[in-house]
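For reference, the structure is listed below as structure tokens.
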Amino acid sequence: MLVGILHVSLSFIPSKTGLILGYASNITVNDLLKDTNEKRAENGLSPVVLNDQLSQAAALKAANMFAEQYWAHVAPSGKDPWYFIRQIGYNYLYAGENLARDFPDSKSVVDAWMNSPTHRENIVNSRYKDIGFAVVNGKYGSYETTLVVQMFGTRPGGAPTVETNDVVVKPENVKPLVVQSVPVDLGVHGTESVKTTPTNQVIDVFKVTKIALLGLSIFLLLLLVWDAFLAYHRKAVRISGHNFAHFLILMAVVLTVLLIKRGTII
């Protein structure tokens, strides 16, 4: 209930102040690329190279996810990840995609992917040579969020194919190997151009809500402890009191708030 009240209250902050109400993130393409290549190096692989076409495809995918309001590998309209790669003219021999959303920084995104066996397969796949990223802010459902799209590719020596679990098949017969989203500071304008948008000051609703709830819980805990101390010191006799039960409940609330993490991959 407290979380809901704080979230609703923050939603009334005027947008005219130049602030963007939504999730703040410290995610950048450079950091995503660096962290991805570090993981590849740890596994004895050569680095992937940032490719403008794949970044455009990733930005188109993120824009489409907001436009059609879905969180999945394939759009309700049937567009799969390879559709966007073909749209920008990148002919591929191998291709893959990772998605993530609501993460606070680049490292947590890449760590989440590495902790997922299927997503990890994309990052440490020796066949991939190129990579593209998009980090896009937008509205998903009733709240502001950030999507991150990571696309891998290798140009062909022959007809385009897609690799899924070490099986090479034609693109039209394959399901996405990995799809995940993570915030990227890129905006899509039209269907062919992608440009970097300036970073605005943001209010991180998730972080503010968590800090406020944690602060309120700790404040109430201190009040209970002080009240119990005074009652003991003054040897006050109470007809009823449930301080210990309240203390345990508030402790549970504090621990829950501390354990809350955000971020989703698919």
For this session: In sequence, state the C-alpha distance, the side-chain angles, and the governing distance for Phe66 and Thr145, and then conclude on side-chain contact (heavy atoms from CB on, under 4.5 Å).
Result: CA-CA 10 Å; Phe66 281 124; Thr145 188; 3.9 Å; yes
In Å, rounded to the nearest 0.5 Å, how long is the span from [atom1] of [X] to [atom2] of [Y]?
X: Asn30; Y: Ser106; atom1: CG; atom2: OG; answer: 9.0 Å
X: Ile85; Y: Gln53; atom1: CD1; atom2: CD; answer: 10.5 Å
X: Ser108; Y: Asp102; atom1: OG; atom2: CG; answer: 10.5 Å
X: Ser55; Y: Leu60; atom1: OG; atom2: CG; answer: 11.0 Å
X: Tyr128; Y: Leu93; atom1: OH; atom2: CG; answer: 10.5 Å
X: Lys61; Y: Leu54; atom1: NZ; atom2: CG; answer: 13.0 Å

For this session: Any pair with a residue in residues 32-41 that passes side-chain hydrogen bond (donor to acceptor under 3.5 Å, both in side chains), sequence neighbours left out, goes on the list, sorted by first then second residue, please.
Result: Thr36-Gln150
For this session: Please report the C-alpha distance between Lys107 and Asp31 in whole Å, then the side-chain angles of each, then the deciding distance to 0.1 Å, and finally whether the side-chain contact (heavy atoms from CB on, under 4.5 Å) criterion is met.
Result: CA-CA 8 Å; Lys107 185 178 184 303; Asp31 286 342; over 6 Å; no
For this session: May I ask you to decide if Gly141's main-chain N or O and Gln69's side chain share a donor-acceptor pair within less than 3.5 Å?
Result: yes
Quick check: do [X] and [Y] have side-chain heavy atoms less than 4.5 Å from each other?
X: Leu32; Y: Ile27; answer: yes
X: Arg120; Y: Asn43; answer: yes
X: Leu222; Y: Phe219; answer: no
X: Leu147; Y: Tyr140; answer: no
X: Lys79; Y: Glu68; answer: yes
X: Thr146; Y: Val136; answer: no
X: Arg155; Y: Lys129; answer: no
X: Phe152; Y: Tyr94; answer: no

Seminar exercise, completed: Sorted by chain and residue number, the ring pair (Phe, Tyr, Trp, His ring centres under 6.0 Å) partners of Phe84 (sequence neighbours excluded) come out as none
Exercise. Is it true that Leu45 and Val49 fall in one hydrophobic cluster, defined by side-chain heavy atoms closer than 4.5 Å?
Worked result: no
For this session: Give the minimum heavy-atom separation between Ala57 and Met151, together with the two atoms involved.
Result: CB-SD, 3.6 Å
Seminar exercise, completed: On a heavy-atom basis, the closest approach of Asp80 and Tyr83 is OD1-N, 2.9 Å
Exercise. Can you list every pair that meets salt bridge (Lys or Arg N to Asp or Glu O under 4.0 Å) and has a residue in residues 46-55, with sequence neighbours left out?
Worked result: none
For this session: Before giving the answer on side-chain contact (heavy atoms from CB on, under 4.5 Å), spell out for Asp130 and Val48 the whole-Å C-alpha distance, their side-chain angles and the decisive distance to 0.1 Å.
Result: CA-CA 5 Å; Asp130 300 327; Val48 284; over 6 Å; no
For this session: Check step by step if side-chain contact (heavy atoms from CB on, under 4.5 Å) holds for Tyr92 and Arg86.
Result: CA-CA 8 Å; Tyr92 56 88; Arg86 291 193 294 265; 3.1 Å; yes
